[in-house]
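Throughout, protein chains are lettered first and strands after them, A, B, ... in sequence-line order, and every chain is numbered starting at 1. Quick caveat: nothing in here was measured; it's all calculated off a predicted structure.
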Amino acid sequence: MSTAPEPPVRSDFIREIVAADRAAGKHGGRVVTRFPPEPNGYLHIGHAKSICLNFGIANEQPGGICHLRMDDTNPTTEDPEYVQAIQEDVRWLGFDWRDKMFFASDYFERLYDFAVVLIKKGLAYVDSLTADEMRRYRGTLTEPGQPSPHRTRSIEENLDLFRRMRAGEFADGTHVLRAKIDMASPNINLRDPVLYRIRHVAHYRTGTSWCMYPSYDFAHPLSDAIEGITHSICTLEFEDHRPLYDWVVEQCETPRRPQQIEFARLNVTFTVMSKRKLLDLVERKLVNGWDDPRLPTLKGLRRRGFTPEALRAFCEAIGVAKRDATVEMQLLEHFVREDLNKRAPRVMAVLRPLRLVIENYPDGQVEQLEAVNNPEDASAGTRRIPFSRVLYIDQEDFKEDPPKQFFRLAPGREVRLRYAYIITCIGVVKDPNTGEITELRCTYDPETKSGGAQAQRKVKATIHWVSAAHAVDAEIRLYENLLLTDPAKIPADQDWTQHLNPRSLERLPSCKVEPGLASIAPGTSVQFERVGYFCADPDSKPNQLVFNRTVTLKDAWAKLEKAQTPR
RNA sequence: UGGGGGAUCGUCUAGCGGUAGGACGCCAGCCUUUGGAGCUGGCUACCUAGGUUCGAUUCCUAGUCCCCCAGCCA
């Protein structure tokens, strides 16, 4: 398979390094990257940035390839369910690892051998301090650490102890294997980091073959080296692990020496990205599972109606750099709108129905009116929608006492019904007890039918509608920001969930949508004209459709209204 | 107060000694049978102070501020 490399749309400091390395013949001119998630949670949009970067770079280079590797060195939190989900998400995003799917757990035996090499070189030792003691010996940010009393164990004793650790002779926490580097290093990562810890826990892939597991700092660089990774791209917090990364590949004398490069992770306003917080939301049932459309998980975004194209365009637009950055949610929304505007068929849906009767329209008459499916795409064609005497319009499109600049329906006013007629409101029916408006009485002008003689007449507004007798029932779920505050601005001593937006989900159970939608497949995106982009939810049933609002349309009136009513 | 990083429009991001550019956002207007889309115009930035230089966002010096690190997590 020799697909031509894709030209990079824009460059960044990492692509510059890769290009320079390639030009200089470093790594034999090869470019091999990897995306190395730990299968202990679901992927989110921050991972998407990393996926787009790693696969993007590989795809741009002749012969370049990106591996998918499960960094599964901690059996206590990992699960095959996540492995499955991660693969689905990466594929859904549009990337292909071909046959390069790997597991760090497949390297356990080789990793063990590397550890033995280190011990034999006098560069690793078995320590028997408790976790607490080890912490005290480590020193602090400003004070050097002290050597463990076990630091001087003989190579023979270390070899023996390490073998017995593997054999299962010791309980959890009684011994660890540590690198022997420098307890006085100003870089705390170099103060004899732990390489192996005992955990009598079954691993989801290796079962009970092992009762000790390598740490990230040991397994990661070696996994990269084993796979021949050339550029090991990770986030900023690993920057001061790089000397350790280099030490491990150097001292283990691996034939290949990958190079670690760090970039700033993605933050997005009004949402959370940390695994801990996401898990918190799911476990405390503050959201409805990992695919809750309010979550920035890829599963959540997919269910919400975000497309892979939009996500990739977003990841490209945000760039790659080293400074901490928080991208505005509006940028993400911009890219879904841009994508869906080109592709989503237009349909009409009424979210909060208000009954409207056209007094001079013949009772029992039904017309099939022609409507354009997508003004941005002529090939999408047209469809027929039924029109009759009794309709529903959205409550928002009528005001008994319209404010300035409100162009829609009001007593005595006329508006166009999209693809239909111009109507005039001649009466308002109210519930005698509550005063609530229950029905609008209108007349229509038969000459103003769409495409007809008077159709060109200018009116201030066009509103959407559905025919009451023909409409299909639907539940529509509206979403807003998960948080009211940017997580970065929440004080650390505060429970961040206090800042959750109580209106992040609003269910509208009694919506009416046009009949053509009756058999829409879950996952399909449409535009509800004048309202927003929506995606059919898997909860949909034949006579009870469910839609998720992906994003609103830009709304000039909402902005005006907000400006007019100072709080 | 140790070490590692980073500071450019409101937000991301470009710049590699020679007029500070792009995207989102915002504002104004045009257009419109979606107050959508589209189009036009506009808005706002080099952390500070010195120095080198004909010329500094870029190089040097000294500060300031922000982020990360004291897991047997990754």
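For B:C26, the OP1/OP2 oxygens have a side-chain nitrogen or oxygen of A:K559 closer than 4.0 Å. Taking side-chain N and O atoms only, A:R457 has no distance below 4.0 Å to OP1 or OP2 of B:U33. Between B:U11 and A:T269, no contact under 4.0 Å exists linking OP1 or OP2 to a side-chain N or O. Within the structure, every side-chain polar atom (N or O) of A:R10 is placed at least 4.0 Å from both OP1 and OP2 of B:G22. Phosphate proximity of B:U33 to A:K458: present, with a side-chain N or O under 4.0 Å from OP1 or OP2. Note on A:R15: every side-chain N or O is 4.0 Å or more away from OP1 and OP2 of B:A14. Close to B:A37, at under 4.0 Å from its OP1 or OP2, lies no side-chain N or O of A:R337. In this structure, A:R323 reaches the B:U13 phosphate: one of its side-chain N or O atoms is under 4.0 Å from OP1 or OP2.
Nucleotides B:U52 and B:G71, compared at atom P, are 48 Å apart to the nearest Å. Only the C1' atoms considered, B:C39 is 26 Å distant from B:A14, to the nearest whole Å. Straight-line distance between the C1' atoms of B:C54 and B:G17: roughly 12 Å, to the nearest whole Å. Comparing B:C43 with B:U1, their P atoms are spaced 42 Å from each other, to the whole Å. A gap of 42 Å separates the P atoms of B:G63 and B:C24, to the nearest Å. Remark: the separation of the P atoms in B:C46 and B:U58 is 13 Å, to the nearest Å. For B:G15 and B:G6, the P atoms lie 15 Å apart once the distance is rounded to whole Å.
Of the candidates B:A74, B:G3, B:G36, the closest approach to any side-chain atom of A:E38 belongs to B:A74. In this structure, of B:A70, B:G35, B:C67, it is B:G35 that holds the atom nearest to the side chain of A:R530. Among B:C69, B:A74, B:A70, the nucleotide with an atom closest to any side-chain atom of A:F238 is B:A74. In this structure, the nucleotide among B:A74, B:U11, B:G36 sitting nearest to the side chain of A:E328 is B:U11. Here B:A74 is the nucleotide among B:U34, B:U13, B:A74 with the atom lying nearest to any side-chain atom of A:E237. With B:U34, B:G3, B:A74 as the choices, the nucleotide that has an atom nearest any side-chain atom of A:P375 turns out to be B:U34. Comparing B:A74, B:G2, B:U34 against the side chain of A:N74 picks out B:A74 as the nearest. When distances run from any side-chain atom of A:K554 to the nucleotides B:G35, B:A37, B:C72, the shortest one goes to B:A37. Ranking B:U1, B:A14, B:A74 by closeness to the A:T142 side chain, first place goes to B:U1. Checking B:A74, B:A23, B:G15 against the side-chain heavy atoms of A:E16 singles out B:G15 as nearest.
Residue-level contact check: A:T130 touches the bases, meaning some heavy atom is under 4.0 Å from a base atom. Using a 4.0 Å heavy-atom cutoff across all strands shown, A:F13 reaches no nucleic acid atom at all. At the heavy-atom level, A:E376 lies under 4.0 Å from base atoms of the strands shown. Across all strands shown, A:T326 has heavy atoms under 4.0 Å from sugar-phosphate atoms exclusively, and none from any base. At a threshold of 4.0 angstrom between heavy atoms, the contacts of A:V194 are confined to the sugar-phosphate backbone, with no base atom among them. Looking at heavy-atom distances under 4.0 Å, A:L195 makes no contact with the nucleic acid at all. At the heavy-atom level, A:A455 lies under 4.0 Å from base atoms of the strands shown. Backbone-only contact: A:A325 has heavy atoms under 4.0 Å from sugar-phosphate atoms and none from a base. Residue-level contact check: A:L553 touches the bases, meaning some heavy atom is under 4.0 Å from a base atom. Within the nucleic acid shown, A:G452 has no heavy atom closer than 4.0 Å to any nucleic acid atom. Within the 4.0 angstrom heavy-atom criterion, no nucleotide atom of any strand lies near A:Q456. Within the nucleic acid shown, A:R408 comes within 4.0 Å of at least one base atom, counting heavy atoms only. Contacts of A:T77 with the nucleic acid, taken as non-hydrogen atoms under 4.0 Å apart, are absent. Residue contacts for A:L141: at a heavy-atom cut-off of 4.0 Å it reaches a base atom on one of the strands shown.
Here the C1' atom of nucleotide B:C67 and the CD atom of A:E262 are 14 Å apart, to the nearest Å. When the P atom of B:G3 is taken as reference, atom CG of A:L244 falls 19 Å away, rounded to whole Å. Atoms CZ (A:R242) and C1' (B:G4) sit 9 Å apart, rounded to a whole Å. Atom CZ of A:R346 and atom P of B:A37 are 10 Å apart (whole Å). In this structure, A:R138 atom CZ and B:G71 atom C1' are separated by 7 Å, rounded to whole Å. Rounded to an integer number of Å, the gap from A:H241 NE2 to B:A74 P is 11 Å. At whole-Å resolution of the value, CZ in A:F534 and P in B:G36 are 16 Å apart. Taking atom CG of residue A:D217 and atom C1' of nucleotide B:C69, one finds them 11 Å apart after rounding to whole Å.
Relative orientation of the A:H47 and A:H44 rings is tilted, given thresholds of 30° and 60° on the angle between their planes.
Side-chain to base pairing of A:S450 with B:U33: one donor and one acceptor N or O lie within less than 3.5 Å of each other. Side-chain atoms of A:R416 come within donor-acceptor range of the base of B:U33, with a qualifying N/O pair under 3.5 Å.
Side-chain atoms of A:E333 and A:Y533 include no donor-acceptor pair closer than 3.5 Å. Residues A:D192 and A:Y137 bring no donor and acceptor atom of their side chains to less than 3.5 Å of each other.
Between A:Y213 and A:Y196, the gap from one ring centroid to the other reaches at least 6.0 Å. Between A:H220 and A:Y216, the ring center distance clears the sub-6.0 Å criterion. The ring of A:W557 has its center no closer than 6.0 angstrom to the ring center of A:F407.
Partner assigned to B:G18 is B:C54, using Watson-Crick or G-U wobble distances below 3.5 angstrom. Base pairing of B:A7 is made with B:U64, judged by Watson-Crick or G-U wobble geometry with both donor-acceptor distances under 3.5 Å. Here B:G29 sits opposite B:C39 as a Watson-Crick or G-U wobble pair (both hydrogen-bonding atom distances under 3.5 Å). When both distances must be under 3.5 Å, the Watson-Crick or G-U wobble mate of B:G2 is B:C69.
Under the 4.0 Å criterion applied to side-chain N and carboxylate O atoms, A:R15 and A:E60 are assigned as salt-bridge partners.
Checking A:R346, A:H464, A:R418 one by one against A:E529, the side chain to side chain donor-acceptor pair (under 3.5 Å) holds for a single residue, A:R418. Each of A:R416, A:R530, A:R413 was evaluated against A:D397; a single residue qualifies, A:R530, per the salt bridge (Lys or Arg N to Asp or Glu O under 4.0 Å) test.
Syn is the conformation of B:G71, whose glycosidic angle sits no further than 90° from 0.
For the pair A:E262/A:K322, a side-chain contact is recorded, criterion being any heavy-atom separation below 4.5 Å from C-beta on.
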